[in-house]
Each structure stands twice: as structure tokens, then as C-alpha cells.
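The block underneath contains the structure these notes are about, expressed in C-alpha cells.
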Amino acid sequence: MAQALVKYLQVQYSERDDRRRRLIPGMFGIFGHGNVAGLGQALAEFGADLPYYQPQNEQSMVHTASGFAKANLRMATLACASSIGPGSTNMVTGAATATINRLPVLLLPSDYYATRHQGPVLQQLEHPVSADVSVNDCFRPISRFFDRISRPEQLLTALPEAMRVLTDPVETGAVTIALPQDVQAHAYDYPDLFFEERTWRVERRLPDPARIEEAVAILKTAKLPLIIAGGGAIYSEAGDALRAFAETFGIPVGETMAAKGAIAGESAMSLGGAGVTGVGSAGKLMSGADVVICVGTRLTDFTTGSHSAFNNPSVRFVGINVCGHDTYKLGALPIQADAREALRALTEAAAAAGVTPNAAYLEEVAAAKEKWQAHLKEDVFVSHPGEAMNQLHAINVINESVRAGDTIIAAAGGPPGDLHQLWDTAGDKDCHLEFGYSCMGYEIPASLGVRMAQQDGEVYVFIGDGTYLMNPTELVTAMQERLKITLVISDNHGFQIIRRLQMYRSGVSFGNEFRARDRKKNRLEGEYLPIDLAANAASMGAKTWNVATPEDLKSAMDEARQESSSCVIVMEIEPHRYGPSSDVWWDVAAAEVTADKVTREARADYEKGREELQRFYY
Ligand SMILES: Cc1ncc(C[n+]2csc(CCOP(=O)(O)OP(=O)(O)O)c2C)c(N)n1
């Protein structure tokens, strides 16, 4: 059975717009008794066109597959194989990250014996009343398709369905095929047809013309229109169509984290990041917009300011999304279609209906952008006397060092929010943000996937010290595979973005900084821990730099570019200097009952926000 699986995966292709490529060009895996004699044997004997890669941790390999899928615009992914029990459940977080971000990954956890009588086998969960439950059932709620191959012939139905889900833009996410240890080695006379090349066409769903007409009627009434672009705009390669639509009708575009760079930064209609972590000018324009066209976005709380960001009393929404569930959000006029196709149709129909830009609004947009840029230059990208280098200033230095075709990756901590707000994508500087799950530990493994997908350009990982410490070990895989990545680590001595939130909602610093235990107080309030992150990275083979000034950071970036293997730049960063406000609210509840004065004030402020800012959109 495992041999058939390996053979099958080597002949699967995806195709869209006449570009055809291998759907699953490789497999990551960690072996154990659950798969070494089955899948391991099959790969060794039959895996000539399915290169095997060795990660350091099963969670990481799923993130690598997600990074690879995202960089391939979901047209290709990697398979991830694990042994029974802990190897399998290590993949659960990776599966959730993929499914929430709607990224295809193929997971092959091993499972307990289908034949049962030898058990309980090593690492088996014995469920008291459900004998067929295994730890792999954890994957069910976080997979878009799940099957357990308890007879070898079940592959014949399971695998085509798995490929269909992986290549369906609406349904895609983690696909889990659990492989009982004994069945991996069982024989079955599979038909030859099963091993013939198969191409999975990724369709572009066309919009309903009646919906387009309805959208044009709404657009005709718009004086202050705005577009919110989401990840779907990137995956459908709608960038040119988005820019044409925005520029033709004078509609500024705010981007979600997943859509960073969806519209070229050079466009006069590009606002940059929008929402809680977005730029101030976008927040201001969102607040006043009368028509909001949402393109390929899930409209999470960071985008809508927990349903507070759109304050025009008569605001109306148009939802363009390939996923029906998302089209109706915020009471939008639903257009269920591929983003590129819907934008093209809308551009044509709106032009035919005589929709034109509002000149006064265009001036307002330009002025808001200019004011924001001046603010960044004068107040944000600067040093503060007596303070260490701050992360905002560092981002500007990194932004100026990168070149067209380079990619920067972030997912958790301060980095994704600060990049969303401050990273300038002009000049084709790609920004890969995972914020659906904002999973600490995604970044380094995902960067390997990006590197595997893109041969040219530098791949940067921008993370905090907390995130580095959570999952640094794929640096070993980077060395093993000669996949060059460059880590830029903000060493600010703790989970500072969470401390910031904590100070805002309780006023007490507790449990977020990397401090030694103060014996008297019995709390983590002693000195900062001296952790040599560069030495840690060097131990895995990376070339390293410690920098403390913008000038040294610039030199390290330039030197790292010249290196052929992985680099790690550790920046000493001011712990408590944060970026400018977007003026978009976020719903984070402070304690309702407390003896603490600051927390009481935070609660009052929170309740005021809920009452005055949050609303329902129908
Ligand atoms: C796996 C995981 N655990 C916990 C969190 C919650 N969390 C979000 S940001 C953060 C702190 C990240 O610290 P660091 O990487 O040092 O970045 P900084 O906050 O200092 O910018 C934590 C704990 C998370 N997002 N992911």
C-alpha cells in the first residue's frame, strides 16, 4: 500500500492558466516503528521522483509545506509523513495553521494496527469505549479531508479525493490520510490506471453577471469607496486586475496581512496594511468609507477592528470571494467568484456604466498617504536618545537593504504587525505574513518552503527572541539541504508584544519578559536572562552577527547577502518602543471585577469601546 502511495504521488500535477506543475514534488518525514518498514521502505525503493527531506520536528515540516504552498500560490505542496503517536500529534499545530490559512498540505500520520490483536502497540491511546479511536482523530476538526486506510484498496478512493481537496481553492487546507502501520506493508493488486499521470485543473469560477450589475449599481452611489484586499487576491494572481480596477475608478486599497503586496506599492491607490496593525491613513479612510469592496478576505477581527472600523452610517459592502461563506460577511452583496475574474468583470461593467473617480476623494487619499509617510520619516524611523535601536527603525533599514525578488517572512510577535504597517512592498519586495494562526515557530520552517519554491532572491525571516527560542532547529535542515535563509532576530528580552497588550488591559507586567526568578517576590522579576542567540545559531552551522545600531545592521545585511549558506543577525532591540497607532480598535476584554485601579480603568475604557465603536453590519 505504501509503495502504491509513493508511486501515485509522483504522477499528480496541478494546472491553472496553462501552467502545469508537479502537485507534490517531495516528502518530508520522520520515521519511527510506525512507518519505517512501510512508507520508509516504499520511498527507498520507489521514490526516485519523490525526494525525501528530513526535518527536525514534525510540526516544522508541516509549516515548511505551508510555506512552500503559499509561495507556489497553492498550486503545489509537500507531503509530510510521521510515525505513530507523538510524531503524528506533533503535526496537529501545523495542520491547524495550514487549514486556517487555507493552504494545502498533505499529512500522512501513521496509525495503530488495523488488525488489532497485537495491541495495545507502543504509543497507542486506549480509549475506554471507542476502540477505533486513535490520536489521529485529533486531525479531524482541523483537516479539510480525513481518511484512515484500514484496507489497502481504500487508497483508490482516498487519494483522488485528497488531491481534489488540495487543489480546490474553496476547500483546501490540511488533508490527512492516516496510515495504519500494518496496512502500509499489505499488498493489493492496484489497477495500472491508478498510476497514470493525472492533472488537477484549478478552476477560476466566473461571477454571476446579475451580481456584477448589482455591484455596479452600488458603486455608482459611492463617493468614498475603499477596497480591502485579502489573501485570495494574491492566490488568484489578481494583482494587475486589482490595480486596474482601483486606478480606473479611484478606489484606494488596504491590504490584510495575507494580502501584503497584493497591489503594487507604487500605485497611488495602494494604502498598505489596513486594520488594527495597519497604517493610520488606511484606518482613517476605512472609518469614512461608504462602499467597501472586500476581495478574497476572511474579514477577521484584525481587519474589521472587531467590527468597529467602518463608521460611515450608510456603509455598504460588496464581498468578492471564491468561498461562499466569506461573501456574505458584514451583510455584503455576495459575488462568489475567483478574485481576478470578478475584478475584471466589475471593471468592464463599471466602465460601461460610466463610473468615474471622485476627484476630491483622490486628493484626500493622496494627502492622507503623504501625511503618513512624513510621520514615518520624522517620528518613526528614528533613534531615540538613551534607548537601544528600536524595531521600527530596524525595519526601515532592512527594507532599504532588500531587493526586488527578496521575500521577508513573519508570523507571530511584533514582527508581523510591524511589517504589515511599515514594510514597503514597492520594488517587488515580497512580504509573506502568516497571521491566520499567527503561529510562533512557523517562520523558520516556512522559510525553507519558500526557499525551495523560489531559487532566486534572498529569503529573510524576521522574528523575536521568543519565537526563535520556541523553534530554531530547522536551521539544521537549512544546512543539510543547503537552503540559504537569513534570520533577523529582534532580541528584546521577551514576549514584548504580549506585554504591551497586558499593560494596555491590566497595567501590570507579568510573565512575559525573559527574567530570572526573584526569590523574594517568587516572581519572574529579576534581571534579564543572558541568552546568546548568535552562539546558539552558530552551533547549528549558521554564520552570525550581533548588531546594536542601524549602521551595523545595514553592514550585516550587506555581508549576509554575500554568503552562500544560512545567516543569523541578532539585533539588540529596545524592549518597549512600539509602532504608531492605526486608530483601529481591537476587542480585548479587561477583567470585569478587580481591586486594581489600572485594570478598572482599562475595563471602563474597554466598555466604552464596545459601546461607542463596535456595531453590527447587516
Ligand atoms: C505557538 C504560539 N504560542 C503562543 C502564542 C501567543 N503569542 C503571540 S506573540 C507572542 C510573543 C512572541 O514573542 P517574540 O517572538 O519574542 O516577539 P515580540 O513579542 O518580542 O515581538 C506570544 C507568546 C502564539 N502566537 N503562538
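If you're wondering where the values come from, they're calculated on a predicted model, not measured in any experiment. Here, residue 1 is the first one in the sequence, and each next residue gets the next number. Just so you know, these numbers use all the heavy atoms, side chains as well, and skip hydrogens, waters and symmetry mates.
A pairwise comparison of heavy atoms in G273 and K260 identifies N-NZ, 4.2 Å as the closest pair. Considering all non-hydrogen atoms of both residues, M503 and V508 come closest at SD-C, 3.6 Å. Considering all non-hydrogen atoms of both residues, W372 and S581 come closest at CZ3-O, 4.3 Å. The two atoms that bring V382 and K377 nearest to each other are CG1-O, 3.7 Å, heavy atoms only. For the residue pair G414 and Q391, the shortest heavy atom distance occurs at C-NE2, 3.7 Å. Closest approach of A411 to C439, counting heavy atoms only: CB-O, 4.0 Å.
Residues S60 and N471 bring a donor and an acceptor atom of their side chains to less than 3.5 Å of each other. There is no side-chain donor-acceptor pair under 3.5 Å between H493 and E527. There is no side-chain donor-acceptor pair under 3.5 Å between N512 and Q496. Side-chain contact check for R74 and Y235: no donor-acceptor pair (N or O, by modelled atom type) lies under 3.5 Å. In this model, no donor atom of one side chain and acceptor atom of the other lie less than 3.5 Å apart for Q54 and E481. A donor-acceptor contact closer than 3.5 angstrom is absent between the side chains of E58 and S82. Judged purely by distance below 3.5 Å, without hydrogens or angles, the side chains of N90 and Q59 never pair a donor atom with an acceptor atom. H375 and E370 form no side-chain donor-acceptor contact under 3.5 Å, judged by distance and modelled atom types alone. For S509 and R499, the side-chain atoms include at least one donor-acceptor pair closer than 3.5 Å. Inspection of the T477 and Q480 side chains reveals no N or O donor paired with an N or O acceptor under 3.5 Å. Between the side chains of E574 and H384, no donor-acceptor pair of N or O atoms lies under 3.5 Å. No hydrogens or angles considered: a donor-acceptor pair under 3.5 Å links the side chains of N536 and Y468. In this structure, a donor-acceptor pair under 3.5 Å is present between the side chains of R21 and N72.
Within the 4.5 Å cutoff, the side chain of S555 has no heavy atoms near those of the W545 side chain. Inter-residue side-chain proximity for L78 and I24 is flagged as unmet; no heavy-atom pair is nearer than 4.5 Å. Inter-residue side-chain proximity for E513 and Y528 is flagged as met; some heavy-atom pair is nearer than 4.5 Å. Contact check for E559 versus K543: no side-chain heavy atoms found under the 4.5 Å cut-off. Taking 4.5 Å as the limit, some side-chain heavy atom of M389 sits within range of a side-chain heavy atom of P550. Considering only heavy atoms from C-beta on, V365 comes within 4.5 Å of L271 through its side chain. By the 4.5 Å heavy-atom criterion applied to side chains, D587 and W585 are counted as neighbours. Annotation: side chain of L419 is in contact with side chain of I395 (closest heavy-atom distance under 4.5 Å).
Ring planes of F495 and F514: perpendicular class, angle over 60° (limits at 30 and 60°). By the 30° and 60° cut-offs, the orientation of the rings of F302 relative to F435 is perpendicular.
Rounded to the nearest 0.5 angstrom, M479 CE and I485 CD1 are separated by 7.5 Å. How far CG of L501 is from OG of S506: 9.0 Å, rounded to the nearest 0.5 Å. The distance from atom CG of N101 to atom CZ of R298, rounded to the nearest 0.5 Å, is 7.0 Å. Atom-to-atom distance recorded for S438:OG and M257:CE is 7.0 Å, nearest 0.5 angstrom. Once rounded to the nearest 0.5 Å, the distance linking CD1 of I573 with CD of E387 reads 11.0 Å. One finds the OH atom of Y442 at 6.0 Å from the CD atom of E434 (value rounded to the nearest 0.5 Å).
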**OP:** Check the pair L422 / L392 against side-chain contact (heavy atoms from CB on, under 4.5 Å), numbers first and verdict last.
**Re:** CA-CA 8 Å; L422 304 174; L392 321 166; 3.7 Å; yes

Salt bridge (charged side-chain N to carboxylate O under 4.0 Å, His left out) for D605 and R505? Distances and angles first, verdict last. CA-CA 9 Å; D605 177 66; R505 280 298 182 235; 3.1 Å; yes

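Side-chain atoms of Q56 never come within 3.5 Å of backbone atoms of E474 as a donor-acceptor pair (strictly under, hydrogens ignored). Side-chain atoms of S401 come within 3.5 Å of backbone N or O of V397 as a donor-acceptor pair. Under the 3.5 Å distance criterion, the side-chain polar atoms of S83 are left unmatched by any main-chain donor or acceptor of F31. In this structure, W423 contributes its side chain and G261 its backbone to no donor-acceptor pair below 3.5 Å. No side-chain donor-acceptor contact under 3.5 Å links T467 to the backbone of I463. Judged by distance alone, the side chain of Q373 and the main-chain N or O of K369 form no donor-acceptor pair under 3.5 Å. When atom types are taken as modelled, the side chain of R517 and the backbone of L524 share no donor-acceptor pair closer than 3.5 angstrom. Proximity of a side-chain donor or acceptor of T64 to a complementary backbone N or O of P445 within less than 3.5 Å is detected. Side chain of D465 to main chain of G494: a donor-acceptor pair is present (N/O by atom type, distance under 3.5 Å, no hydrogens or angles). Of the possible donor and acceptor atoms, none in the side chain of R515 sits under 3.5 Å from a partner among the backbone N and O of R523.
A salt bridge between E237 and R16 is present, with a side-chain N of the basic residue lying under 4.0 Å from a carboxylate O of the acidic one. Residues E563 and K484 are not paired through a salt bridge, judged by the lack of any N-O separation under 4.0 Å between the basic side chain and the carboxylate. A salt bridge links R340 and D17; the closest N-O separation between the charged side-chain nitrogens and carboxylate oxygens is under 4.0 Å.
By the neighbour-count criterion of 12 heavy atoms within 6.0 Å, atom CG of D518 is densely surrounded, having more than that number from other residues, nucleotides or ligands.
Tested against T407 for a side-chain hydrogen bond (donor to acceptor under 3.5 Å, both in side chains), the candidates E458, Q454, R451 yield a single pass: Q454. Screening I228, V295, L242 against V253 for a side-chain contact (heavy atoms from CB on, under 4.5 Å) leaves a single residue, L242.
In this structure, Y578 has its ring center at least 6.0 angstrom away from the ring center of Y504.
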